[in-house]
**Student:** 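Quick one: this structure, given as structure tokens, is what I'll be asking you about.
All values derive from a computational prediction rather than experimental measurement.
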Amino acid sequence: MSDTRTSALALQNVLDARVPRPYADTVVTESEDAIGPVEDSFAAVDPPSTADARLRDEVTALLSDAGDALAAARIALRHDDRTAMMHSVKTLRGLADRMEQRSEGLS
């Protein structure tokens, strides 16, 4: 969740001319690099029950969506595609919200 929110913030700051693109590129790239191993390790778990299998599938899908969104954000940033960056900000924020809602449901 924090990687998606941090990347959305970095992109928004580029759009608002508050940070340089190379800085935001580092933030987004590191976030993208960080989410892959999390997805891999979570997907490798064998759930003990059907309910746990559904949870695993849901979380794995969210992580996959986040990885895809971070890749799209990185590409938009490197191409200086402001329209795509705006779309990425919205997508990343939406994913972070979904992740937060899901984590609250586990408490």
Side-chain angles (χ1 to χ4, degrees):
M1 181 173 38
S2 64
D3 284 320
T4 56
R5 287 208 191 281
T6 301
S7 293
L9 183 61
L11 285 170
Q12 187 62 59
N13 280 318
V14 167
L15 291 167
D16 295 340
R18 292 185 183 145
V19 299
R21 279 187 324 153
Y23 171 79
D25 185 279
T26 299
V27 170
V28 172
T29 300
E30 287 181 2
S31 293
E32 183 183 9
D33 291 345
I35 207 158
V38 173
E39 181 182 359
D40 292 344
S41 66
F42 201 90
V45 173
D46 293 329
S49 70
T50 303
D52 291 333
R54 284 193 298 270
L55 173 64
R56 177 189 169 278
D57 292 345
E58 185 178 346
V59 171
T60 302
L62 279 170
L63 291 169
S64 177
D65 290 348
D68 292 345
L70 288 165
R74 173 181 44 79
I75 292 166
L77 189 57
R78 289 182 181 174
H79 291 175
D80 197 20
D81 184 339
R82 296 181 66 77
T83 301
M85 281 190 266
M86 286 186 277
H87 178 74
S88 289
V89 168
K90 182 178 178 180
T91 300
L92 290 167
R93 286 179 178 161
L95 282 164
D97 290 345
R98 286 175 44 209
M99 288 177 182
E100 185 173 14
Q101 289 169 354
R102 188 61 189 113
S103 70
E104 288 171 356
L106 296 174
S107 302

**Student:** Under the side-chain contact (heavy atoms from CB on, under 4.5 Å) rule, collect the residues that match up with P22, sequence neighbours excluded.
**Tutor:** P20
**Student:** Restricting to salt bridge (Lys or Arg N to Asp or Glu O under 4.0 Å), what partner residues turn up for R82, sequence neighbours left out?
**Tutor:** none
**Student:** Quick check: closest heavy atoms across A24 and V14, and the distance to 0.1 Å?
**Tutor:** CB-CG2, 3.2 Å
**Student:** Kindly give the heavy-atom pair with the smallest separation between S7 and V28, and that separation in Å.
**Tutor:** OG-CA, 3.7 Å
**Student:** R78: which residues meet the side-chain hydrogen bond (donor to acceptor under 3.5 Å, both in side chains) condition with it, sequence neighbours left out?
**Tutor:** D25, T29
**Student:** Among residues two or more places apart or on two chains, list those pairs meeting salt bridge (charged side-chain N to carboxylate O under 4.0 Å, His left out) that have a residue in residues 31-43.
**Tutor:** E32-R74
**Student:** With a 4.5 Å cut-off on side-chain heavy-atom distances among I, L, V, M, F, W and Y, is there a chain of contacts connecting L11 to V19?
**Tutor:** yes
**Student:** Using the salt bridge (charged side-chain N to carboxylate O under 4.0 Å, His left out) rule, collect all pairs that involve residues 47-70, keeping only residues at least two apart or in two chains.
**Tutor:** E58-R102, D65-R98
**Student:** Name all residues meeting the salt bridge (Lys or Arg N to Asp or Glu O under 4.0 Å) criterion together with D97; count only those two or more places apart in sequence or in a different chain, and write none if there are none.
**Tutor:** R5
**Student:** Going by atom type alone, with no hydrogens or angles, which donor-acceptor pairs under 3.5 Å involve a side-chain atom of residues 85-95 and a protein atom two or more places apart or on another chain?
**Tutor:**
residue, atom, partner, partner atom, Å
H87, NE2, T91, OG1, 3.4
S88, OG, A84, O, 3.1
T91, OG1, H87, O, 3.0

**Student:** What is the distance from atom CD1 of I75 to atom CG of L70, rounded to the nearest 0.5 Å?
**Tutor:** 11.0 Å
**Student:** Of all residues at least two apart in sequence or in a different chain, which pass the salt bridge (Lys or Arg N to Asp or Glu O under 4.0 Å) check with D46?
**Tutor:** none
